[in-house]
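Scroll down for the structure; my scribbles are underneath it.
Ligands are counted one by one from 1 in listed order, and the atoms in each one are counted from 1 as well.
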Amino acid sequence: MAVSESATLDLVFKALDSFRIEIPSWGFANTGTRFGKFTQAAAATSIEEKFADGAEVNRLTGVTPTLALHVLWDLPNGVKDVPVVQALEKKFGIRSGSINPNLFQDQEYKYGSLCNPSEPIRERALKHMLDSIEIGKALGSRDISLWVADGSNYPGTQSIRKRIGWLEEALRISHEHLAPNQRILVEYKPFEPAFYHTDVADWGMSYHFAQYAGPQARVLVDTGHHYTSQNIEQIVAWLMHTGMLGGFHFNDRRYADDDLTLGSIDPYQIFRIFHEIHAATADGLKLDIAYMIDQSHNLKGKMEAMVQTVVTAQELYLKAALVDREKLAEYQQSCDLVAAEQLFRGAFWQDVRPLAAAWREARGLPADPLAALRSSDYVERTSNERRSRNTAVSSYA
Ligand code: LRH
Ligand code: MN
């Protein structure tokens with residue numbers, strides 16, 4: 001029985017009213033690769049400019065009320081910077097989101113941070129982790145989003161099992177310091193910057209560390225942190241089935257952790273992930289998923305890339321929400337493969353942009369946020385204001 005016009009519209013409004021996605025402060029800053037960084041005049045260099053850009057994305061899209069913060073980049077003085085951030089939250093009307101400890105850029109972490117053979121260095125790293133938890137408490141942020149770059153580059157040079165033990169211990173202690181509403185999200189990554197072994201390399205390792213840490217720890221899935229042949233939506237299904245899915249870092253890639261804009265290479269991948277989530281929700285699973293973007297905009301205009309990403313995420317979330325799951329379940333049960341695939345892919349191929357535009361207009365938002373940004377003077381104005389602070393950068397070697 002085809003879904004009526006109004007029923008579809010109800011589904012559309014229900015889906016988009018519930019979808020919120022967090023944007024990364026570092027997505028507005030000049031970032032690059034080891035081979036170079038191409039500065040942009042409008043790039044944000046201060047936490048105030050990052051909040052300003054985040055607020056503008058939220059004004060245009062209506063669905064990005066929180067800004068993920070990276071401790072060393074956004075709160076270089078730790079907890080002492082909390083009042084500055086609280087003032088910016090008031091001024092710009094968006095909240096601090098997940099708190100990302102930084103245990104990968106200090107010289108001391110050459111051989112690792114929480115997994116470093118040196119006890120004083122592990123303690124130094126643990127102190128940063130506990131400071132990050134205190135920053136989260138002070139800002140009322142729920143998630144401590146932990147990625148450790150720890151690993152090694154050559155076989156035989158580190159004890160993989162000793163490092164497992166050291167990280168277990170650090171996460172257990174960190175978990176003890178959490179406020180009742182806080183969570184630790186353990187992010188995995190198969191390689192880079194380590195190129196022989198990485199201490200938290202896949203979902204199974206992250207799952208173990210989260211389980212070992214305690215009941216307020218979950219797994220974070222960065223879509224760019226998988227070998228190209230891995231079935232990410234199957235990992236997501238497992239993490240939902242076991243109650244261990246905490247959230248996502250969305251981006252896209254062709255080869256490795258390319259951190260390209262979501263849906264630019266394989267939009268069907270994100271559609272398949274969202275389908276698993278809508279299906280699990282429809283089956284009554286209680287899910288508590290933090291949707292976050294983690295990208296570095298090296299070539300695209302940073303504001304455009306961020307607005308484009310949010311809009312694409314909304315459209316893919318909506319396409320997946322409109323899958324006729326009852327009909328699909330029938331075809332799956334009867335193993336009518338072609339009918340199931342035609343229905344499934346058909347939902348992916350439908351153009352939901354007019355539906356999303358209708359939802360935006362009904363919510364007093366620009367029907368096309370990207371066009372609204374491009375026709376506004378925001379980028380030109382911030383370019384003029386910030387150009388002097390965005391001069392050339394040093395070379396790789
Ligand atoms: C590591 C990562 C992690 C961050 C960083 C900016 O590749 O995905 O989430 O902290 O990017
Ligand atoms: Mn990430």
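When every heavy atom of P369 is checked against every heavy atom of T61, the shortest pair comes out as CB-CG2, 4.2 Å.
Distance alone, capped at 3.5 Å, places no donor-acceptor pair between the E276 side chain and the I273 backbone. One N or O on the side chain of D150 and one on the backbone of C115 form a donor-acceptor pair closer than 3.5 Å. Under the 3.5 Å distance criterion, the side-chain polar atoms of E22 are left unmatched by any main-chain donor or acceptor of A290.
For the Mn ion (ligand 2), the nearby protein N/O/S atoms, meaning those under 2.8 Å, are E187 OE2, D222 OD2, H249 ND1, D294 OD2.
Enclosure of atom CH2 in W73 by more than 12 non-hydrogen atoms of other residues, nucleotides or ligands within 6.0 angstrom is indicated.
Using a 3.5 Å distance cut-off with no hydrogens or angles, the side chains of N251 and D222 do pair a donor with an acceptor.
Taking the six-membered ring where the residue is Trp, the centroids of F51 and F28 are separated by 6.0 Å or more. Checked against a 6.0 Å centroid threshold, the rings of Y317 and F274 count as neighbours.
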For salt bridge (Lys or Arg N to Asp or Glu O under 4.0 Å), just list the numbers for E176 and R172, CA-CA rounded to whole Å, side-chain angles, deciding distance to a tenth of an Å, and then say yes or no. CA-CA 6 Å; E176 283 168 2; R172 189 185 58 68; 2.6 Å; yes
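Pocket lining of ligand 1, defined as residues with a non-hydrogen atom under 4.0 Å away: W26, H70, W147, E187, K189, D222, H225, H249, D257, D294.
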